[in-house]
Amino acid sequence: MYAPSELEKLVTVQSLRKKKANGEKFITVALYDAPMAAMAQKSGVETLLVGDSLGMTVLGYDSTVPVTMEQMIYHVEAVARGNKKSLIMGDMPFMTYATTEQALTNATRIMQAGAHMVKMEGGAWLADTVRILSDRGIPVCAHLGLTPQSVHKLGGYRVQGRDEEHAKQILEDALLLDEAGADLVVLECVPADLAKRITKSVSMPTIGIGAGRDCDAQVLVINDILGLTEQPPKFSKNFLVEAEDIPGALRKYAEDVKEGVFPGEEHIFQ
Ligand code: KIV
């Protein structure tokens, strides 16, 4: 049985790579405030993502597009105050990294708010930016597959990479970003086989959401874990129904991922 108290030191990019090398899964939760951050890191959640999903889960927008730097900074600061040892990733909002100069300025602000890493959505076009941030000491989490900031270009929240040509492109993007120095990559809503191929091909750990169970880690949004979402996505699960309280739900999520129980067949896309 996994014991949360084992998570004693600050989680780092290096400790996450070591877990990948040892075949040990880790857990990410997208959350937005100090008390949830405190409970998550005490419940064995290694990485906390202050996701721009907060636009939809907390602020009531119908996409992540309206989210601003000021909103992200406010929530990264809150999560940092609640956290002691987990690694905090801060999302870069829509169009705040369209150029390398913008990325450098805005990633600096997210890091200074308390994040240990920034996350950006995009493929090959982001490789130069990833290299420049990484060379200057800013760890980067890439995000491929369903990239919600591009929802209007994608035509909806749909599974990506189902045909071989698109799958090949996502795999090539992952390889390029890995080579450019990305430290992690989120794979969102891609077929399980594609996520498995990417996970085997790249040196950086992969974090899946709707991407099967072969990724190095899983991420879920706190609202989905706690059953707060009116129409929960297929890939999510309400862990509060099997637990007594919020820390219990977070521990159950962490245990189920580490034991290979979550995601189940019903949460996976083929
Ligand atoms: O913004 C977010 O919470 C995310 C996760 C769903 C991966 O990007």
Side-chain angles (χ1 to χ4, degrees), residues 16 26-33 36-37 40 45-69 71-76 78-79 86-97 106-107 110 113 115 117-123 126 140-151 154 156-160 170 174 177 182-190 195 198-199 204-212 215-226 228-229 231-237 250 253 257 262-263 267 269:
L16 297 178
F26 63 91
I27 316 298
T28 305
V29 175
L31 45 73
Y32 321 103
D33 60 41
M36 288 297 170
V45 175
E46 286 92 346
T47 54
L48 312 179
L49 168 63
V50 188
D52 62 352
S53 52
L54 66 86
M56 299 167 85
T57 54
V58 179
L59 302 178
Y61 299 130
D62 63 1
S63 79
T64 58
V65 171
V67 174
T68 64
M69 277 299 294
Q71 289 163 341
M72 285 309 305
I73 285 170
Y74 180 86
H75 286 277
V76 168
V79 166
S86 301
L87 183 140
I88 300 174
M89 296 188 258
D91 245 335
M92 300 274 283
F94 180 65
M95 284 301 142
T96 61
Y97 51 98
N106 291 318
I110 298 276
M117 179 181 285
V118 297
K119 181 166 82 58
M120 298 183 292
E121 300 179 6
L126 261 183
V140 175
C141 178
H143 186 152
L144 293 170
L146 172 55
T147 46
Q149 290 173 11
S150 306
V151 61
L154 298 175
Y157 297 100
R158 302 207 171 97
V159 179
Q160 302 293 308
I170 297 173
L177 294 165
D183 294 285
L184 295 173
V185 60
V186 167
L187 301 175
E188 179 163 353
C189 290
V190 296
I198 295 173
T199 301
M204 61 186 163
T206 60
I207 306 178
I209 177 161
C215 293
D216 300 305
Q218 296 289 327
V219 55
L220 283 182
V221 170
I222 190 74
N223 294 50
D224 294 340
I225 294 174
L226 301 181
L228 297 171
T229 312
Q231 287 182 310
K234 169 184 161 83
F235 54 73
S236 72
K237 181 172 169 183
L250 289 163
Y253 165 49
V257 170
F262 180 82
H267 307 115
F269 301 109

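Just follow the structure's listing: the first ligand is 1, and inside any ligand the first atom is 1.
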(Q) Please list, in number order, the atoms of ligand 1 under 4.0 Å from a heavy atom of Ala30. (A) 3 (O)

Q. Side chains of Val29 and Tyr253: does their closest heavy-atom pair fall under 4.5 Å?
A. yes

Q: From the options Lys119, Met56, Glu121, Met89, select the one whose nearest heavy atom is closest to atom 8 (O) of ligand 1.
A: Lys119

Q.
Using a plain distance cutoff, I'd like to know if Tyr32 has any nitrogen or oxygen under 3.5 Å from a nitrogen or oxygen of ligand 1.
A. no

Q: Identify the residue among Leu154, Val186, Thr64 that makes a side chain to side chain contact (heavy atoms under 4.5 Å, CB included) with Thr147.
A: Leu154

**Q.** Whether Phe269 and Phe235 hold their rings parallel, tilted or perpendicular, with breakpoints at 30° and 60°
**A.** perpendicular

Q.
One residue to check: Asp91. Relative to ligand 1, which of side chain, backbone, both or neither has a non-hydrogen atom less than 4.0 Å away?
A. side chain

Q: Mark yes or no for whether Gln160, through its side chain, and Arg158, through its backbone, hold a donor-acceptor pair below 3.5 Å.
A: yes

Q: Using a 4.0 Å heavy-atom cut-off, say whether Leu54 meets ligand 1 through its side chain, its backbone, both or neither.
A: neither

Q: Evaluate the side-chain proximity of Glu188 to Pro148: yes if any heavy-atom separation is below 4.5 Å, no if none is.
A: yes

Q.
Could you work out, for atom 6 (C) of ligand 1, the closest of Leu220, Ile209, Thr28 by heavy-atom distance?
A. Ile209

Q: Looking only at protein heavy atoms, identify the closest one to atom 3 (O) of ligand 1 and say how far it is in Å.
A: Ser53 OG, 2.5 Å

Q | Proximal atoms of ligand 1 relative to His143 (non-hydrogen, under 4.0 Å) | A | 8 (O)

Q) Closest non-hydrogen protein atom to atom 4 (C) of ligand 1, residue and atom name please, with distance? A) Leu49 CD2, 3.6 Å

**Q.** Atom indices of ligand 1 within 4.0 angstrom of Gly51 heavy atoms, with elements
**A.** 1 (O), 2 (C), 3 (O)

**Q.** Thr229 and Ser236: CA distance, side-chain angles, deciding distance, side chain to side chain contact (heavy atoms under 4.5 Å, CB included) verdict
**A.** CA-CA 10 Å; Thr229 312; Ser236 72; over 6 Å; no

Q) Step by step, would you call Leu250 with Ile222 a side chain to side chain contact (heavy atoms under 4.5 Å, CB included)? A) CA-CA 9 Å; Leu250 289 163; Ile222 190 74; 3.9 Å; yes

